[in-house]
2 protein chains.
Amino acid sequence: MQNVSATKSEFRPVANRSRVTIADVANDLGVTKSTVSRALNGYPDIAEATRLRISRAAERLGYRPLAHAQAIRTGRVRSLGLVLQIDSEDSARPFLANFIAGVTQAASAENWTVTIATAETATGVRETLLRLVEEHKADGFILPRTMLQDERVAALRARNVPFIMFGRTEDPTGCAWYDIKGEDAMRAATTRLASLGHTRIAHVPGGIEYTYTKLRTQGYREGLQAAGIPFDPDLIGAPSLTQRSGDASTSALLALPEPPTAITFAVDRAALGAYRAAQTRGLRIGEHVSVIAYDGVPEGAYADPGLTTFAVNSRHAGERLASLLIKRIRGTAPEELRELAPATLVERGSDGPPRLTSAELASRLKSQSRI
Amino acid sequence: MQNVSATKSEFRPVANRSRVTIADVANDLGVTKSTVSRALNGYPDIAEATRLRISRAAERLGYRPLAHAQAIRTGRVRSLGLVLQIDSEDSARPFLANFIAGVTQAASAENWTVTIATAETATGVRETLLRLVEEHKADGFILPRTMLQDERVAALRARNVPFIMFGRTEDPTGCAWYDIKGEDAMRAATTRLASLGHTRIAHVPGGIEYTYTKLRTQGYREGLQAAGIPFDPDLIGAPSLTQRSGDASTSALLALPEPPTAITFAVDRAALGAYRAAQTRGLRIGEHVSVIAYDGVPEGAYADPGLTTFAVNSRHAGERLASLLIKRIRGTAPEELRELAPATLVERGSDGPPRLTSAELASRLKSQSRI
DNA sequence: ACCCTTGCCGAAACCGGTTTCGGAAGTTCG
DNA sequence: CGAACTTCCGAAACCGGTTTCGGCAAGGGT
């Protein structure tokens, strides 16, 4: 026997607890491993009485199959993969906890687990994804925040690895997805503002590479059209995902010769920046400037006035994504796994009838900036 | 052959791609599997030349060992477990993304993965933890937010499963940990306020069950003592973790006959509630009421004035926790795996010399409430 | 020249399951 | 009553690795 531990970098399991194996169950009953395995996995060639005896014995002895031992033969580790892109500062934060909770809960319900990884860049995400695929750490993947052209989709599609998107994409072939109808929400937001009497309604989009941004902007334009308001490209603000950039974007819109009296935001966080922009100018949100946003972040409730927004249930999204993905892994065709859910309007105080017309607002802003 | 798929609930892997196995590498070189395995795992009884040949061939053929196939013999799945408690609304949110990023990054660096799960209640967490242990889905666990008496610790200790705490606990036997010295931060916050001239300094603690709360409150009291200010139990506010409860807690403190002119908060979120409380009363944070908090949430930077706080680098915490845990799993004694790191002071505008004495503040508040 | 190490690697068992194959009983049917 | 099916389960191979054991050849000591 050679002394191995000197060079070998890793060693034996700390706890080599005598776990009950399938052989123990078999011995206890005087049957073979294969019978136990088939009984527990619901094969039809096992007598019902035997199946009962076996499952009771397994229960009694506290037998738990080892997922990775099964995996070696079945090729299935019973795990869902989730690779998150965590860039510098901003992004998906607020929902993350709930989203993960949803995913893991639905996975647990089927006795699956979730393998999570992160990367900072898009290519980093791709590499990580491929590493997990290579080592088969997960049987399928959830792809959050899909983009119009998504390299993750391409990579997984090419390798024939099951996946589901949280979001949509340009080329839907072979794609399963769950998504929130952000376009409907933005259309509703716009018509709502129009029926309150607004005619200068702006829109501040989110990150341009994402599919949802295109859809939400599209919804805004549909809303405009439905209300008979002509589209004015000047009223599309700078893309914003954070409070800070939302502030900047709003400020720019208010500096327009014909400033908007209402703004729809693709993202709550950006809308929260509008509060600051308004406050700086002595304007009150919901009176001088109406705002409707999208996401449903908790801070929106505590803003003053409360932010009217279309909330998405990200926990539920996580749950649906997990169970759809499990179905996908089990063989359901992707075309049958496409779900869209509405966002729900949370009416608070940030929208109301225009107190000033665009022209009045403009002159008020101009007089102020002279001070 | 029987038709099985009718009853069996799950079936074959979707993609049975011909992956290259250790046998392929062995055949390619005319050696045996065992030689390849030992060469790749750094056993000393393999000639250096052979090792080189083998590792090059493995590289060339694109061989990646299957973690779960290794696990069946080694008992190690190369995965870290993380069970999060996601309660109703509030809690650990802001750091979560960075924290997870840190954990997964350090794990990836060693070619490990992270298995994540969530539960809503403490007992749910325990059950989930035990399920993961039973099925050996992870080789060890990271326990965030440890409490003075923590049932997770007890459960894992009893089963001899490696773990590391993010935080400390009452009985440290067999425990490894990484933690931020919140007590030092709160002491520094208090002495800082004292040296600015404050004498009525309050403290709003966090969740009482957590170890960190006890430590931070203790730090506050040490700071008081160092400044020669007697401790007044009235100045310990109601425990707060959210903006809303921070508002309430601050309001209660300001209603005191001798209100504090400065407040230390165990948690940023709660401190953000103080802004609201102050605004309602026509008070300005950093002038009439000074505030220093702890955590370093991004919103603090955008508050007006910016929140002075002791920031914790939760990403780095995640990294350290992951690498310490891996060491623990590899056999290092827990006593050698205990790290404490300081929080770093971020000076912004929420603290300053008292503009009013406590008595003046009280009378101003009283006159106001009459209106 | 002989024995004893030592270095290096092959053969085979093993880990904990799943799956194939075939055969012994029991049933059905002509 | 015998042949042909069914039903049900055992034996053994298999999955992709790791680890034990032993043996051969080269090297070293006397």
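So you know, we letter chains A, B, ... as the sequences are listed, proteins then strands, and number each from 1.
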Anything under 3.5 Å between a protein N or O and an N or O of nucleotides 13-16 of chain C, put it in a table, one pair a line.
residue	atom	partner	partner atom	Å
C:dC14	O2	B:R73	NH1	3.3

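- Here A:F163 contributes atom CZ and A:R328 contributes atom CZ; the two are 8.0 Å apart, rounded to the nearest 0.5 Å.
- We find that CG of A:N41 is positioned 16 Å from C1' of D:dC9, with the value rounded to whole Å.
- Side-chain N/O atoms of B:T35 include one lying less than 4.0 angstrom from OP1 or OP2 on C:dG10.
- Remark: A:D171 engages A:R157 in a salt bridge, criterion side-chain N to carboxylate O under 4.0 Å.
- The residues A:D179 and A:R338 are annotated as not salt-bridged, no charged nitrogen and carboxylate oxygen being separated by less than 4.0 angstrom.
- Taking 4.0 Å as the cut-off between side-chain N and carboxylate O, A:R168 and A:E339 do not count as a salt-bridged pair.
- Within the structure, the salt bridge (Lys or Arg N to Asp or Glu O under 4.0 Å) test picks out the following pairs touching residues 30-42 of chain B (sequence neighbours left out): B:R38-B:D45.
- Rounded to an integer number of Å, the gap from CG of B:N27 to C1' of C:dG10 is 14 Å.
- Toward the 5' end of DNA chain C, the nearer of the two residues A:A23 and B:R53, judged by each one's closest nucleotide, is B:R53.
- Look at A:T74 and you won't find any side-chain N or O under 4.0 angstrom from OP1 or OP2 of C:dG17.
- The base of C:dC9 is paired with the side chain of B:D45 by a donor and an acceptor separated by under 3.5 Å.
- Salt bridge annotation for A:R56-A:E59: absent, with no cationic side-chain nitrogen under 4.0 angstrom from a carboxylate oxygen.
- We find that CZ of B:R51 is positioned 13 Å from P of C:dG7, with the value rounded to whole Å.
- To the nearest angstrom, C1' of D:dT19 lies 15 Å from CZ of B:R76.
- Checked by distance alone, A:R38 brings a side-chain donor or acceptor within 3.5 Å of a matching partner on the base of D:dG10.
- In the set C:dG10, D:dA11, C:dT18, the nucleotide with an atom closest to the side chain of B:T32 is C:dG10.
- Under 4.0 Å is where a charged nitrogen must lie from a carboxylate oxygen, and between A:E127 and A:R131 no such pair does.
- To the nearest angstrom, P of C:dG17 lies 15 Å from OH of A:Y43.
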